[in-house]
Amino acid sequence: MGPAFWADVLVAFHACYVGFVVIGELVILLGILFGWKWIRNFWFRLVHLLMILIVAGEALAGVECPITVWERELRVEAGQPVSDASFVGRMFHDLLFYENVDASIFPILHIGFGVLVLLTIYIAPPRWRKVEAEAT
């Protein structure tokens, strides 16, 4: 298992991270619309919020995502540019990065998405599970 394999693993993890944030927000919005109570699960919402705050914080600070940096370094160590990655690596990479889009738009999108998540926290705040007091 060389550097190319680990680069593919990182890209897959990155895609899952992005998928959780994006699909999670879509599910939360649908839950608000349809009155799904489970979308207010405290731990789900906390993890979701923390994940987008990391991304938005990186965007505000002008910091490149460490996962992207690690993948690129592993590709260089493997002697392959990103475009020469394995099928899985290319597939996940192409899901995350768009060659014909100005890169300066992504920080704006990341921060805007973070604001959307904060707005849904306000509209449909997470709830702790109610614990019934046991009779002693």
Side-chain angles (χ1 to χ4, degrees):
M1 291 190 281
F5 169 79
W6 290 113
D8 289 349
V9 168
L10 277 176
V11 173
F13 173 78
H14 205 181
C16 290
Y17 189 105
V18 171
F20 180 80
V21 171
V22 173
I23 294 169
E25 184 63 17
L26 177 62
V27 168
I28 292 166
L29 291 170
L30 288 172
I32 292 169
L33 183 66
F34 293 114
W36 299 337
K37 302 241 184 266
W38 67 267
I39 59 112
R40 292 178 180 249
N41 178 280
F42 178 81
W43 295 110
F44 165 63
R45 297 294 293 280
L46 178 66
V47 169
H48 186 255
L49 176 63
L50 290 175
M51 289 175 75
I52 191 59
L53 287 179
I54 290 169
V55 173
E58 290 170 352
L60 282 170
V63 175
E64 186 176 15
C65 175
I67 300 169
T68 303
V69 173
W70 295 332
E71 183 220 346
R72 184 172 49 246
E73 289 172 356
L74 286 168
R75 297 271 179 231
V76 168
E77 187 177 332
Q80 61 178 188
V82 175
S83 60
D84 287 343
S86 70
F87 170 74
V88 173
R90 282 192 313 274
M91 179 179 69
F92 283 118
H93 187 274
D94 292 345
L95 282 172
L96 295 174
F97 302 102
Y98 302 99
E99 301 300 326
N100 297 327
V101 177
D102 184 10
S104 65
I105 192 80
F106 289 108
I108 296 165
L109 291 174
H110 296 155
I111 294 165
F113 203 84
V115 169
L116 176 63
V117 170
L118 287 172
L119 182 62
T120 57
I121 291 282
Y122 176 76
I123 293 170
R127 302 272 189 242
W128 281 99
R129 174 185 264 179
K130 293 181 182 176
V131 179
E132 295 181 28
E134 292 184 48
T136 55

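These numbers come from the heavy atoms of this one structure, side chains and all, not from hydrogens, waters or symmetry mates. On a predicted model such as this, the values are computed, not experimentally measured, just so you know.
Criterion: ILVMFWY side-chain heavy atoms under 4.5 Å apart, direct or through other members. Under it, Val21 and Ile32 are part of a common hydrophobic cluster. Hydrophobic clustering, with ILVMFWY side chains joined whenever heavy atoms are under 4.5 angstrom apart, keeps Ile105 apart from Val63. With hydrophobic clusters built from ILVMFWY side chains whose heavy atoms lie under 4.5 angstrom apart, Phe113 does not share a cluster with Leu60. Leu119 and Trp36 end up in the same hydrophobic cluster when Ile, Leu, Val, Met, Phe, Trp and Tyr side chains are linked at under 4.5 Å. Residue Ile54 is not grouped with residue Ile111 when hydrophobic side chains (ILVMFWY) are merged at heavy-atom distances under 4.5 angstrom, including chains of intermediate members.
Thr120 has its side chain within reach of Arg45: a pair of non-hydrogen atoms, C-beta onward, lies under 4.5 Å apart. Considering only heavy atoms from C-beta on, Ile39 stays 4.5 Å or farther from Phe34 through its side chain. By the 4.5 Å heavy-atom criterion applied to side chains, Leu46 and Asn41 are not counted as neighbours.
In this structure a side-chain-to-backbone donor-acceptor pair under 3.5 Å is present from His110 to Phe106.
Distance check: Arg72 CZ to Thr68 OG1 gives 7.0 Å after rounding to the nearest 0.5 Å. Rounding to the nearest 0.5 angstrom, the gap separating the CG atom in Asp8 from the CE atom in Met1 is 12.5 Å. Going from atom CG of Leu53 over to atom NE2 of His48 covers 10.0 Å, rounded to the nearest 0.5 Å. Remark: Leu116 CG to Ile52 CD1 distance equals 9.0 Å, nearest 0.5 Å. Taking CD from Glu25 and CZ from Phe20, the interatomic distance works out to 11.0 Å, rounded to the nearest 0.5 Å. Note that CG of Leu33 is 14.0 Å distant from CD1 of Ile28, once rounded to the nearest 0.5 Å.
Partner of Arg75 under the salt bridge (Lys or Arg N to Asp or Glu O under 4.0 Å) criterion, out of Glu77, Glu71, Glu73: Glu71 alone.
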Candidate pair Leu118 and Leu49, rule side chain to side chain contact (heavy atoms under 4.5 Å, CB included), full reasoning:
CA-CA 7 Å; Leu118 287 172; Leu49 176 63; 3.7 Å; yes
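Residues Phe42 and Pro126 approach most closely at CA-CB, 3.8 Å, considering heavy atoms. Taking every heavy atom of both residues into account, Ala4 and Ala78 meet most closely at N-CB, 3.7 Å.
Dense packing is recorded around CD1 of Ile123, with more than 12 heavy atoms of other residues, nucleotides or ligands lying under 6.0 Å away.
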